[in-house]
Protein chains: 2
Amino acid sequence: MSISGQKQGNSGSDKPVQDRLLDAAEQLFSDHGFEGTSVRDIASAAGCNIAAVNYYFGGKDKLYTEVWRRHLVQMRDARLHAIEQVMSESGGKPALEDLLRSFANAFLGPFRDESRSRRFMNLMAREMIDQRVPVNMFIDEVVKPTMSAVRGALLRACPGLDESKIWLLIVFLAGQLMHVVHVKTMFEQSEIAEIPAFDLNEAVDHIVKFSAAGIRAYANGETK
Amino acid sequence: MSISGQKQGNSGSDKPVQDRLLDAAEQLFSDHGFEGTSVRDIASAAGCNIAAVNYYFGGKDKLYTEVWRRHLVQMRDARLHAIEQVMSESGGKPALEDLLRSFANAFLGPFRDESRSRRFMNLMAREMIDQRVPVNMFIDEVVKPTMSAVRGALLRACPGLDESKIWLLIVFLAGQLMHVVHVKTMFEQSEIAEIPAFDLNEAVDHIVKFSAAGIRAYANGETK
DNA sequence: ATATGTTTTAAACTATCGTATGAAACAACT
DNA sequence: AGTTGTTTCATACGATAGTTTAAAACATAT
């Protein structure tokens with residue numbers, strides 16, 4: 001059998017054991033937190049033996065980071081794909097607003113699906129209080145590749161942009177989007193029904209308009 | 001020695017053991033969460049024996065709820081005192097705006113002190129994810145006494161108000177204030193320095209103006 | 001000083017935690 | 001069949017969790 005093979009006739013479900021463990025762990029970590037979840041609970045929910053956690057992931061901590069890695073690569077791919085699509089649709093010279101809107105929508109994608117977003121929200125709220133994922137992983141898996149892609153696309157959309165200052169603009173853009181995520185997270189946790197559902201589209205419109213104006217002002221100031 | 005007596009020559013500090021335990025527990029629960037804090041850690045930080053937690057509080061859970069009770073009674077007293085003061089200053093017939101402003105400021109008091117607010121914020125963020133304090137306690141210690149006081153004051157400030165609908169107005173008012181707390185909580189957790197400090201005074205101004213208009217419209221609609 | 005009630009202490013208890021182990025079960029190939 | 005490499009399993013390990021216990025230390029009153 002090959003080293004990366006998967007068994008076929010497993011007992012609990014049709015999914016391989018690794019995925020069942022990741023799914024069960026994500027649900028339990030989201031509901032009860034890292035310390036409040038035991039590997040026995042996870043293995044039981046995944047329908048497999050306790051030792052499988054160590055066999056496949058090398059420990060509870062590693063399993064937790066792998067739960068996150070799954071989300072991180074998904075985020076990265078969604079953002080990279082959004083940028084590539086705008087680039088190809090515009091023949092390599094996208095309108096600034098289109099680029100910003102596409103990226104913002106990809107950024108906020110995980111929070112649009114109401115059914116799955118709650119689990120991810122809880123996971124994120126917990127991770128924001130107790131940081132357990134190594135920062136390097138977050139930087140390497142998401143920030144670096146996303147940033148360089150946005151950077152390239154921004155330069156095509158706004159040729160007059162100063163290359164030395166472009167990182168600041170991207171950080172600022174991501175900061176606005178993270179802000180939206182934070183507000184949305186808070187609204188989800190709030191049980192007070194009085195507050196209407198937070199409108200992501202409205203937030204995206206604002207950020208696109210605001211950032212486009214800011215970036216253009218920046219570009220003109222540098223080139224004049 | 002009386003049954004509620006306190007020893008004088010304790011070893012760790014000048015405070016009694018109960019208070020030292022509550023202080024240490026609050027700090028540790030705020031930093032590492034309930035599951036992430038052991039009673040040995042708490043006792044060690046408080047400079048006393050492990051058994052003291054069970055001797056004085058009857059267990060780790062009870063200690064946690066007592067940490068919260070301390071905050072809850074403080075909240076309740078601050079709000080009640082604010083209402084009493086407005087009532088006495090106005091000779092029992094306060095202006096609606098004064099009443100609302102005074103209550104709102106008392107409500108948001110714990111979040112104005114920047115030095116102590118962070119610990120309480122963390123504690124609250126954790127409690128919002130994992131509810132461990134019995135809801136009855138929150139209702140009995142804060143909601144009920146506060147509500148009836150606000151109700152009485154509101155009736156004096158707005159005699160035309162329908163008594164059967166007044167609870168809804170109070171819930172609505174508290175909901176707005178909790179909303180402000182949530183946003184503030186989020187801003188504190190956010191590490192992004194780009195966002196300016198959240199202005200509580202601005203929020204209070206808005207809520208006072210908005211709620212006063214709403215309540216007056218309500219009262220007029222019911223009395224005409 | 002003796003007696004009484006309270007507080008503090010060190011140690012032990014049971015339960016559960018994350019992890020490690022070695023044998024059994026299994027699948028794929030010679 | 002027999003061999004090989006992978007996966008599953010029951011079980012055990014050491015560490016630590018929250019809690020309990022009983023004796024020692026202490027303060028106060030008679």
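Convention: sequence-line order gives letters A, B, ...; per-chain numbering from 1. Since the structure is predicted, the reported quantities are computational estimates derived from the model, not experimental observations.
- The list of salt bridge (charged side-chain N to carboxylate O under 4.0 Å, His left out) pairs with a residue in residues 39-64 of chain A, not counting sequence neighbours, is empty.
- For the pair A:Tyr56 and D:dT8, the criterion of a side-chain N or O lying under 4.0 Å from OP1 or OP2 is met.
- Judged as a salt bridge (Lys or Arg N to Asp or Glu O under 4.0 Å), and not counting sequence neighbours, the contacts of B:Arg70 are B:Asp23, B:Glu26.
- Here the P atom of nucleotide D:dT7 and the CG atom of A:Leu21 are 13 Å apart, to the nearest Å.
- Legend: residues meeting ring pair (Phe, Tyr, Trp, His ring centres under 6.0 Å) with A:Phe120, ordered by chain and number and at least two apart, are A:Trp68, A:His71, A:Phe111.
- With sequence neighbours left out, the side chain to side chain donor-acceptor pair (under 3.5 Å) criterion links A:Asp31 to A:Gln27.
- For the pair A:Arg126 and A:Phe34, the cation does not sit on the ring face, since its NZ or CZ is not both under 6.0 Å from the ring centre and inside 45° of the axis.
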Residue pair B:Asp77, B:His81: steps toward the side chain to side chain contact (heavy atoms under 4.5 Å, CB included) verdict: CA-CA 6 Å; B:Asp77 292 345; B:His81 178 260; 5.9 Å; no

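- Residues meeting the salt bridge (Lys or Arg N to Asp or Glu O under 4.0 Å) test with A:Glu163, sequence neighbours left out: A:Arg151.
- Proximity of A:Asn49 to the phosphate of D:dA10: a side-chain N or O atom is located under 4.0 Å from OP1 or OP2.
- The distance between atom CZ of B:Arg20 and atom C1' of C:dT7, rounded to the nearest whole Å, is 12 Å.
- Listed by chain and number, the residues in a side chain to side chain donor-acceptor pair (under 3.5 Å) with A:Ser211 are A:Gln176 (sequence neighbours excluded).
- Atom OH of B:Tyr55 is separated from atom P of D:dA24 by 18 Å (rounded to the nearest Å).
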Kindly give the atom pairs (protein nitrogen or oxygen, nucleotide nitrogen or oxygen) under 3.5 Å for nucleotides 23-25 of chain C.
none

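- In terms of the side chain to side chain donor-acceptor pair (under 3.5 Å) criterion, residue partners of A:Asn105 (sequence neighbours excluded) are, by chain and number, A:Arg112.
- With the end axes of the helix from C:dA15-D:dT16 to C:dT30-D:dA1 each set by five pairs, the angle from one to the other reads 20° at 10° resolution.
- Considering only residues two or more places apart in sequence or on other chains, B:Glu66 meets the side chain to side chain donor-acceptor pair (under 3.5 Å) condition with B:Arg69.
- Within the structure, the salt bridge (charged side-chain N to carboxylate O under 4.0 Å, His left out) test picks out the following pairs touching residues 131-140 of chain A (sequence neighbours left out): A:Glu35-A:Arg132, A:Asp130-A:Arg132, A:Asp140-A:Lys144.
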Every protein N/O within reach of nucleotides 16-19 of chain C N/O, cut-off under 3.5 Å:
from	atom 1	to	atom 2	distance (Å)
C:dG18	OP1	A:Thr37	O	3.2
C:dG18	OP1	A:Lys60	NZ	2.5
C:dG18	OP2	A:Val39	N	2.9
C:dG18	N7	A:Arg40	NH1	2.8
C:dG18	O6	A:Arg40	NH2	3.0
C:dT19	OP2	A:Lys60	N	2.8

